[in-house]
Protein chains: 2
Amino acid sequence: MDKAGDAGTKAGAQRIARFLQEKGRMPSYSEIALACGFKSKNSAFKLARKLEDLGLLARDAKGRLIPKAIKGENQLKAGALRMLGTVEAGFPSPAEEELSDVLSLDEMLITNRQATFMLKVSGDSMCGAGILPGDMVLVEKGRQPANGDIVVAEVDGQWTMKGFKKEKGSKDVWLLPANPKFKPIKPKSELRIAGVVIAVIRKYK
Amino acid sequence: MDKAGDAGTKAGAQRIARFLQEKGRMPSYSEIALACGFKSKNSAFKLARKLEDLGLLARDAKGRLIPKAIKGENQLKAGALRMLGTVEAGFPSPAEEELSDVLSLDEMLITNRQATFMLKVSGDSMCGAGILPGDMVLVEKGRQPANGDIVVAEVDGQWTMKGFKKEKGSKDVWLLPANPKFKPIKPKSELRIAGVVIAVIRKYK
DNA sequence: CTTGACTGTGAACGAACGTTCACCGTATAA
DNA sequence: TTATACGGTGAACGTTCGTTCACAGTCAAG
């Protein structure tokens, strides 16, 4: 009845991913069959083997399914979140509840775990850039800042978080707040860049 | 020996956590017994029941173990981040590299994984609240919104994200943008709250 | 038409599963 | 001392697991 085997395979992978996300463990073949509407768990077995050939999931020595750990787009990972479409804030558009992607926050935000740490923001000098007091920022150490990046730096003996700007053809570096109440800083003596802000996280609840 | 029993339980939890981290799935009772040096899987069964009583892990309807975030000493999650102090953005203050907490983003942000999903924001009607176009928002479904919460709602047939306000002593509900360019919305016919925004995530890199 | 290549069904196998029971030490409490 | 609570052993049960086999239906290429 199914016309395209490809679509069926993909739908199966999504069902498995959803099971993993909801129950926190990989399903058994019977559960895959149940979730996919198969009447025989053997169909689930074949589906799993196909997904394994495609590199989308892996299996134990004992045949049990394990979530694939390698990075990639379509892989099944524990602790995944359902990623839906966009919501228009201003000019509303439908936000359908169709699973468009599955991912984990850690995986999405952090590339270099050892060099990444988190800071809590106080003060409002960056509120124009959408960074409010109480927000958390993920900072990656040792990264070379580019113009427009937001950096955490020690300037003239004090720590601050500002926008980074290096003038072309000059060694001069400016640290720009995103709030008209504050003025740009031009480091006099020393400037030590602690890291580049790679993400902002605000928790309401 | 009370203390020895406690230590054994804790060591067992750590072994289970290590198994989960290495294999990506929860062990069976036989595997727990193997990992803990038990000769009988029944010992593993009793250990699991004790851990369940302590709230350190959970089990299926079918008895299978499912991962649960073990807090405190037994770090179950792989993606732990270093949490540092605060950085003054505006009136700089020292941000020492002293580890004040260790946590995982998923664990920190998501309490009810099944009901949580992620949306990408477009439009700037909430930019006054620090939610910019391109940001991600975590939305928890089925949560009762309180005044001041930011909700994703279907109002008069269209989806939008706005601040929630319910007037005291009245059934009237207002949806407030955080941008003077937009006007508050008072739903006429229907208002369906899809969920409450529990976190905002902005990724720069 | 026939011939494959797929996809799903259904039954079957041994192995591993979760769970329960009875039993054996040892250590603590009375 | 006796009693009792606890951690571990070992065997047993019914269930579910992963896996394999043979078979039926569908579609495209020959």
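So you know, we letter chains A, B, ... as the sequences are listed, proteins then strands, and number each from 1.
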Measuring only between side-chain heavy atoms, which start at C-beta, is B/Ile131 closer than 4.5 Å to A/Arg202?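 Answer yes - side chains close enough.
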
B/Val121 versus B/Met161: any side-chain heavy-atom pair under 4.5 Å? yes

Euclidean distance, A/Asp124 CG relative to A/Leu132 CG, rounded to 0.5 Å: 9.0 Å

Rounded distance [0.5 Å steps], CG in B/Asn42 versus OH in B/Tyr29: 10.5 Å

Give the dot-bracket string for DNA chain C, reading 5' to 3', where a pair is Watson-Crick or G-U wobble with both distances under 3.5 Å, ( ) marks pairs inside the strand, [ ] marks pairs crossing earlier ones, | marks a partner on another strand, and . marks unpaired. |.||||||||||||||||||||||||||.|

Taking all non-hydrogen atoms of both residues, which atom of A/Phe45 and which atom of A/Arg59 are closest, and how far apart?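 It is CE1-NH1, 3.5 Å.
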
Could you tell me the separation between the CZ atom of A/Arg25 and the C1' atom of D/dT16, rounded to a whole number of Å? 12 Å

Do any N or O atoms from the side chain of B/Arg15 and from the backbone of B/Leu34 form a donor-acceptor pair under 3.5 angstrom?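 No: the side chain of B/Arg15 does not pair with the backbone of B/Leu34.
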
Are the side chain of B/Asp149 and the backbone of B/Phe164 linked by a donor-acceptor contact shorter than 3.5 Å? no

Are A/Lys62 and B/Glu31 within salt-bridge range, i.e. N to O under 4.0 Å?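 Salt bridge: yes.
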
Phosphate contact (C/dC6 OP1 or OP2) by A/Lys50 side-chain N/O below 4.0 Å: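 Answer is no, no contact under 4.0 Å.
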
B/S/- along nucleotides 11-22 of chain C (protein heavy atoms under 4.0 Å) is -B----BBBBB-

